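Reading through the structure tokens given below for one structure.
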Amino acid sequence: MNWGTLRHEFCVASKALENLRYPFGWKGAHKEKMYFFYSFALLAGGLTLINFIFSYQSKHIDPHFWTTIKFQLMMIPLFLIANTSVGYGVRFGYKTTGHLSFVLIGAKCLEILISLMMGYLFFKETPSWKTWVGIGMITAGVVLVKQK
């Protein structure tokens with residue numbers, strides 16, 4: 001067996017493995033879809049954790065200075081996890097879209113929805129029609145930013 005035949009067999013085998021790894025020709029698209037999923041999951045998780053901590057503090061922690069400082073110091077590990085999640089969520093979102101401004105605006109919209117959810121969960125606040133109009137305007141702005 002010479003080197004040319006061996007190289008040819010290796011190329012055929014590697015092509016077969018690549019077809020198994022990327023079915024239906026999803027070589028680039030599959031990776032982008034996964035980055036989008038990772039971005040959304042990390043942003044949603046990190047922003048939910050941050051908003052949960054602040055909502056819990058607003059409802060259950062005494063507002064005196066030293067009590068608040070003690071609570072914030074105990075939350076440093078959770079804030080580290082949440083900030084790392086948000087950072088990687090923005091990074092993966094940027095890899096997917098190529099537009100940092102779109103990713104940051106989308107993250108802010110997600111944070112507004114999470115804030116509404118935390119307000120209902122902790123304080124039983126229900127959004128008024130003005131809140132929904134504002135969310136609609138933000139959504140229209142995101143659509144305008146995304147258009148070319």
Side-chain angles (χ1 to χ4, degrees), residues 7 10-148:
R7 192 179 80 198
F10 178 75
C11 289
V12 169
S14 66
K15 193 63 148 172
L17 286 175
E18 187 174 316
N19 288 338
L20 286 175
R21 198 169 47 172
Y22 299 111
F24 310 114
W26 287 354
K27 189 170 186 176
H30 180 67
K31 194 180 234 184
E32 286 181 13
K33 289 178 186 177
M34 290 308 295
Y35 280 148
F36 179 77
F37 174 74
Y38 295 154
S39 174
F40 182 79
L42 288 168
L43 281 170
L47 292 172
T48 301
L49 184 58
I50 289 170
N51 282 294
F52 184 84
I53 291 170
F54 285 131
S55 298
Y56 182 85
Q57 177 184 348
S58 296
K59 185 167 185 177
H60 297 292
I61 301 300
D62 190 24
H64 295 296
F65 182 75
W66 291 111
T67 309
T68 303
I69 291 295
K70 179 182 173 188
F71 177 75
Q72 289 294 322
L73 287 174
M74 290 188 326
M75 292 296 112
I76 286 176
L78 292 178
F79 276 118
L80 177 66
I81 292 167
N83 284 327
T84 304
S85 295
V86 170
Y88 274 102
V90 169
R91 182 181 182 132
F92 288 141
Y94 178 72
K95 279 186 176 183
T96 301
T97 63
H99 298 285
L100 184 61
S101 60
F102 178 71
V103 174
L104 294 176
I105 290 170
K108 192 54 70 177
C109 292
L110 182 61
E111 185 175 11
I112 290 171
L113 293 175
I114 291 169
S115 297
L116 288 173
M117 184 178 68
M118 291 297 159
Y120 180 76
L121 183 68
F122 281 94
F123 301 108
K124 303 299 180 220
E125 296 175 351
T126 55
S128 67
W129 66 272
K130 293 177 186 177
T131 306
W132 292 114
V133 168
I135 290 173
M137 291 173 73
I138 292 170
T139 304
V142 169
V143 169
L144 286 174
V145 167
K146 187 61 180 163
Q147 290 179 352
K148 292 184 179 188

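Since the structure is predicted, the reported quantities are computational estimates derived from the model, not experimental observations.
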M117 side, atom CE; S55 side, atom OG - distance, nearest 0.5 Å: 9.0 Å
All pairs passing salt bridge (Lys or Arg N to Asp or Glu O under 4.0 Å) where residues 100-125 contributes a residue, at least two apart: K108-E111
Partner residues of I69 under the side chain to side chain contact (heavy atoms under 4.5 Å, CB included) criterion, sequence neighbours left out: F65, W66, L73
Just distance, no hydrogens or angles: give the donor-acceptor pairs under 3.5 Å from side chains in residues 129-136, sequence neighbours left out.
none

Of all pairs that satisfy side chain to side chain donor-acceptor pair (under 3.5 Å), the ones with a partner from residues 70-93, not counting sequence neighbours: Q57-Q72
Neighbour count above 12 (heavy atom, 6.0 Å) for M74 CE: yes
Gap between atom CD1 of I81 and atom CE of M75 - 0.5 Å precision: 10.5 Å
Residues which pass ring-ring contact (aromatic ring centres under 6.0 Å, His included) with H64, listed by chain and number, not counting sequence neighbours: none
Separation between OH of Y56 and CD1 of I61, rounded to the nearest 0.5 Å: 5.0 Å
Partners meeting ring-ring contact (aromatic ring centres under 6.0 Å, His included) with Y38 (sequence neighbours left out): F92
Greater than 12 external heavy atoms within 6.0 Å of F36's CZ: no
Pair listing, salt bridge (Lys or Arg N to Asp or Glu O under 4.0 Å) test, anchored in residues 36-60, at least two apart: none
Nearest-0.5 Å distance that lies between atom OG in S39 and atom CG in L110: 9.5 Å
CZ/F123: more than 12 non-hydrogen atoms of other groups inside 6.0 Å: yes
T97: side chain to side chain contact (heavy atoms under 4.5 Å, CB included) partners, not counting sequence neighbours: H99, F102, V103, K146
Pairs under 3.5 angstrom only: tabulate donor-acceptor contacts from the side chains of residues 40-54 to other protein residues two or more places apart or in another chain.
unit_1, atom_1, unit_2, atom_2, d
T48, OG1, A44, O, 2.5
N51, OD1, S115, OG, 3.4
N51, ND2, L47, O, 2.8

Heavy atoms from other residues, nucleotides or ligands near CZ of F79 exceed 12 (cutoff 6.0 Å): yes
Salt bridge (Lys or Arg N to Asp or Glu O under 4.0 Å) pairs, two or more places apart, involving residues 133-143: none
